[in-house]
*Asks:* 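Below you'll find the structure I mean.
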Amino acid sequence: NAGVTQTPKFRVLKTGQSMTLLCAQDMNHEYMYWYRQDPGMGLRLIHYSVGEGTTAKGEVPDGYNVSRLKKQNFLLGLESAAPSQTSVYFCASSYGPTSGGPYNEQFFGPGTRLTVL
Amino acid sequence: RKEVEQDPGPFNVPEGATVAFNCTYSNSASQSFFWYRQDCRKEPKLLMSVYSSGNEDGRFTAQLNRASQYISLLIRDSKLSDSATYLCVVTSTRRGTSYGKLTFGQGTILTVHP
């Protein structure tokens, strides 16, 4: 099993450009999450999904959109990148409460390092 | 006030030392507690859950004090490979949903030197 994978690993954008980060998991997890990690701030939740076709806002959703068209994939979009979105982005997944697994344990992907100039 | 607060360190200790990290949380309704470990430029990974009765996993001991809203992690006989950032994580269930929201502390940096 690959676990949670993210593409790309690195990206440099200019202000105003758009991009999509892809997250994929092969553990049949119900829940998926997007976080950003900045120095001194810890991980902050951007958006999350509790199942295929559903998404919800986290703590810092502004400037981002997400989609969960397939259970195994969770996409994070930046429509018009800003320097404040320079960060490391982590995707994570976990079981849902109906799956019988410990849904509070989240499994993280390796991260995407994004720089916006 | 941050929901989860940790001393960011860094803690620099020699091999074989015992080191303790503390964490406080502000939401008294928090339900579950964890320590995650994050190596440099890597993703966080679950180290251990924290139970009210305290729990131990090899050289690692975690304690929870609900009355003081305080969590601790003790590492005995430190190894070079213990060098990492340790993240305190607290969960609470959002009203009306079954989603368990994880809130991360900013992390405590540990460096173990020879």
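Naming convention: chains lettered A, B, ... in sequence-line order (proteins, then strands); numbering from 1 in each chain.
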*Asks:* Under 4.5 Å between side-chain heavy atoms, counting indirect links through other Ile/Leu/Val/Met/Phe/Trp/Tyr residues: same cluster for V89(B) and Y33(A) or not?
*Replies:* yes
*Asks:* Grouping I, L, V, M, F, W and Y whenever their side-chain heavy atoms are under 4.5 Å apart, do L22(A) and F107(A) come out in a common cluster?
*Replies:* no
*Asks:* Taking everything shown except M41(A) itself, do over 12 heavy atoms lie less than 6.0 Å from its CE?
*Replies:*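 No, because the 6.0 Å sphere around CE of M41(A) holds 12 heavy atoms or fewer from other groups.
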*Asks:* First locate atom CD of E59(A), then atom CD of E3(B), and finally report the distance between them rounded to the nearest 0.5 Å.
*Replies:*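 Rounded to the nearest 0.5 Å, the CD-CD separation comes out at 7.0 Å.
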*Asks:* If Ile, Leu, Val, Met, Phe, Trp and Tyr residues are connected whenever their side-chain heavy atoms lie under 4.5 Å apart, and connections chain through other members, are L21(A) and L13(A) in the same group?
*Replies:*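 Yes, one cluster joins them.
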*Asks:* Between L102(B) and Y35(A), is there a side-chain heavy-atom distance shorter than 4.5 Å?
*Replies:* yes
*Asks:* Would V90(B) end up clustered with L47(B) when hydrophobic side chains under 4.5 Å apart are linked, directly or stepwise?
*Replies:*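 Linked within one cluster.
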*Asks:* Test of understanding: clusters of I, L, V, M, F, W, Y form through side-chain heavy atoms closer than 4.5 Å, transitively. Do V88(A) and V60(A) belong to the same one?
*Replies:*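 No, separate clusters.
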*Asks:* Take atom CD in E79(A); do more than 12 heavy atoms of anything else shown fall under 6.0 Å from it?
*Replies:* no
*Asks:* Of the listed residues (Q38(B), K45(B), K42(B)), which shares the most heavy-atom pairs with chain A below a 4.5 Å separation?
*Replies:*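 The candidate making the most pairs under 4.5 Å is Q38(B).
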*Asks:* How long is the straight-line distance from CD of Q37(A) back to OG1 of T85(B), given to the nearest 0.5 Å?
*Replies:* 8.0 Å
*Asks:* Using heavy-atom distances under 4.5 Å, tell me whether P8(B) contacts chain A through its side chain, its backbone, both, or neither.
*Replies:*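 No part of P8(B) comes within 4.5 Å of chain A.
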*Asks:* So Y36(B) and Q106(A), do their side chains get closer than 4.5 Å, heavy atoms only?
*Replies:*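 They are in side-chain contact.
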*Asks:* Chain A contacts: which residues in residues 50-82 of chain B have a non-hydrogen atom closer than 4.5 Å to it?
*Replies:* none
*Asks:* With a 4.5 Å heavy-atom cut-off (strictly below), which parts of residues 103-114 of chain B touch chain A? List them by number.
*Replies:*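 At a heavy-atom separation under 4.5 Å, chain A is reached by F104(B), G105(B), Q106(B).
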*Asks:* Considering residues at least two apart in sequence or located in another chain, which fulfil the ring-ring contact (aromatic ring centres under 6.0 Å, His included) criterion with F33(B)?
*Replies:*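 Counting only residues at least two positions away or on another chain, F33(B) forms a ring-ring contact (aromatic ring centres under 6.0 Å, His included) with Y25(B).
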*Asks:* For chain B, which residues of residues 108-117 of chain A have at least one non-hydrogen atom nearer than 4.5 Å to it?
*Replies:*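 The stretch touches chain B at F108(A), G109(A), P110(A), R113(A).
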